Asks: 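Dumping the structure here so I can ask a few things about it.
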Amino acid sequence: MTALAKIEAPSREDRQNRGLLTLDQSLALDSESAMGLYAAHLNKYMLQVFDILGLAQMDIESAQGAEITLRDGRRILDYSGGFGVLGLGHNHPRIIAAERRCHDLKVLDCIKIAPHKLQGALAYNISRFLPEPLDVSFLAVSGTEANEAAMKICERVQTPKGKTKFLCFKGAFHGKTHGPLSLTTATDVQSGFIMGVPKENVVFATYGDIASVREAIAREKADIGKSGSGNRIIAGIIETIRGTSCHVPDPGFLTEFAQVCRENDILTIFDEVKVGMGRTGKFCAFQHEDVVPDVVTLAKTLGGGKRELGAMVTSQALFDKAYGNKNDCNLHSSSFSGMGETCAVGIETLNVLEDERLIERAARMGEYLRAGLERLREKYPRKIVSLRGKGCFQAIELNFGQQLAEKAIDIRKNPLFVTYETVLIGAMARELYERHGILVHFQPGARDLLHFMPPYIVSEAQIDALVDALDDVLGRGVADATVRFVVKNIKRVLG
Ligand SMILES: Cc1ncc(COP(=O)(O)O)c(C=O)c1O
């Protein structure tokens, strides 16, 4: 019987007696009981997804650096990077020490009626990594909330001019709360929801194509008539490298994008939630170019892998225009905007990046990884179509026959093809995990790409282990992986 079949809802008696789990009991839960609780009280369908990928039964003892240790002693190399959260790796000793220090000092975490010194210090540190005039932060607890803050500050400045629309890119990912969700089409996450920004107020362009940006703006110009501001677009938001498709724009594209927006009184928001904080070999990916946006958003690695922390960073001038008086200064706020210990972790994370030269290391290790993937591409030219990414964000595009299928059907919308691709990519990920103890991930919006997001502290030997594992799995063939995957999942379904 699989663990999923064991799930039972708590009885009425259990509920009345409360019978709370203590922290000791919670930490000691075996994986089967933990899964039961997850299914009954969180999301049993998500658990099924983990189960299909062979991950539901991961009985994790601890995690350190690039490795996760299971209770049976197995060590797993984590190339999922927590989808970008783990730039410093798991449980970086300095981050743990920073938390301990805060505990010893009984640092005040929550204060809403007075300024907190750690908030100011964190915002100062963030500004040190960014070009002028990006000096003023709003602290958030996730990437999507950083983007909410970014959208709102731009709205405050631009709506008095009659502007009502956002420019974004087809296939973008900016988060799942209502505002950023309206601008997110990387995968189908909008169905059944009322958009924060109505559909008619969203203008789309094609990523990496400046002509399409100009055309989108020109369409809005033609549309305008009365407002007098030239076009109705509030701001253009862009992932500086695409998180889903791992598409790196041509050098100069971000600069041109910012310039075209500026010429048309459109503010720019650079979403660095996934690739910022050093992952590409610069603090932010846009810093590979000589360009400065009006607003930049950060999250993920900013929390050092231990805390929920995001930031929207802008200039004093823009902040003043939006919220610059005593009545309006709190128009955008949140109870958890900059808790003390979270800020301490953010401050230490930025110091670790600096002291351990981790941004340079991310560039170096990224090149080493890329070279390994390049060798594989030469060895398997029919299986690996292309390499994507920069620094410690890399992906391989696998050939699952899309090119042939594309000629016959619209594969992105065809449920059969989506299922077929999901099985193949799922099979590859599961093989890497089960045969080689390597965790990788893929995204629903790009089911032909395997993503690799190592922490910047990854070693060459650990990269070699990934490349060897991929070599083995590709050498055996996609068919081999798929058959094992399907057989395991049929067993699962049949119980
Ligand atoms: C580019 C980008 N923006 C925003 C987000 C949303 O961040 P969060 O999941 O912390 O809300 C993500 C998440 O993956 C992302 O990749």
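Read the numbers this way: they start at 1 and go in the same order the structure lists the ligands and their atoms. Because the structure is a prediction, the values reported are computed rather than measured.
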Asks: Backbone, side chain, both or neither: what part of K300 comes under 4.0 angstrom of ligand 1, heavy atoms only?
Replies: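 The answer is the side chain.
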Asks: Over all heavy atoms of both residues, which pair between F283 and L350 is shortest? Give the atoms and the distance, please.
Replies: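 Smallest interatomic distance, heavy atoms only, reads CE1-CD2, 3.8 Å.
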Asks: Does F173 come within less than 4.0 angstrom of ligand 1, counting non-hydrogen atoms of the residue?
Replies: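 F173 counts as a contact of ligand 1 under the 4.0 Å cut-off.
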Asks: Using heavy atoms and a 4.0 Å limit, tell me yes or no: is E308 in contact with ligand 1?
Replies: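 No, that is not the case, since the closest heavy atom of the residue is not under 4.0 Å from the ligand.
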Asks: Does the side chain of T164 pick up a donor-acceptor pair with the side chain of R232 at under 3.5 Å?
Replies: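 Per modelled atom types, T164 and R232 side chains form no pair under 3.5 Å.
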Asks: Under 6.0 Å between the ring centres of Y323 and H332?
Replies: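 For Y323 and H332, the ring centres are not under 6.0 Å apart.
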Asks: Do K321 and V157 make a side-chain contact, defined as non-hydrogen atoms from C-beta onward lying under 4.5 Å apart?
Replies: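 A side-chain contact exists here, since the closest heavy-atom pair is under 4.5 Å.
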Asks: Nearest protein heavy-atom contact for atom 5 (C) of ligand 1: which residue, which atom, what distance?
Replies: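 Among all protein heavy atoms, the one nearest atom 5 (C) of ligand 1 is V273 CG1, 3.7 Å.
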Asks: Heavy-atom contacts under 4.0 Å between V275 and ligand 1: side chain, backbone, both, or neither?
Replies: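 The answer is neither; V275 stays 4.0 Å or more away.
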Asks: Relative to ligand 1, is E239 under 4.0 angstrom through side chain, backbone, both or neither, heavy atoms considered?
Replies: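 Side chain only; the backbone of E239 stays clear of ligand 1.
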Asks: Taking atom types as modelled, find out whether Q57 and S31 have a side-chain donor-acceptor pair closer than 3.5 angstrom.
Replies: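 Absent: no donor and acceptor within the cut-off.
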Asks: What residue and heavy atom of the protein are closest to atom 11 (O) of ligand 1, and at what distance?
Replies: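 Answer, as residue, atom name and distance: T144 N, 2.9 Å.
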Asks: At under 4.0 Å between heavy atoms, which part of D271 makes contact with ligand 1: side chain, backbone, both or neither?
Replies: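 Answer for D271: side chain.
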Asks: With heavy atoms under 4.0 Å as the rule, classify the contact between A299 and ligand 1 as side chain, backbone, both or neither.
Replies: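 The answer is neither.
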Asks: Answer with yes or no whether the side chains of H103 and E341 bring together a donor and an acceptor at under 3.5 Å.
Replies: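 Checked: E341/H103 side chains pair up, N/O donor to acceptor below 3.5 Å.
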Asks: Give a yes or no on whether the ring-centroid distance for F393 and H451 is below 6.0 angstrom.
Replies: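 Yes.
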Asks: Is it true that a side-chain atom of Q64 and a backbone atom of N91 form a donor plus acceptor pair closer than 3.5 Å?
Replies: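 Side chain of Q64 to backbone of N91: a pair is present.
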Asks: With a 4.0 Å cut-off on heavy atoms, is G243 in contact with ligand 1?
Replies: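 G243: no contact with ligand 1 (<4.0 Å).
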Asks: Among all protein heavy atoms, pick out the one at the shortest distance from atom 8 (P) of ligand 1; state its residue, atom name and that distance to 0.1 Å.
Replies: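 In this structure, atom 8 (P) of ligand 1 has G143 N, 3.5 Å as its nearest protein heavy atom.
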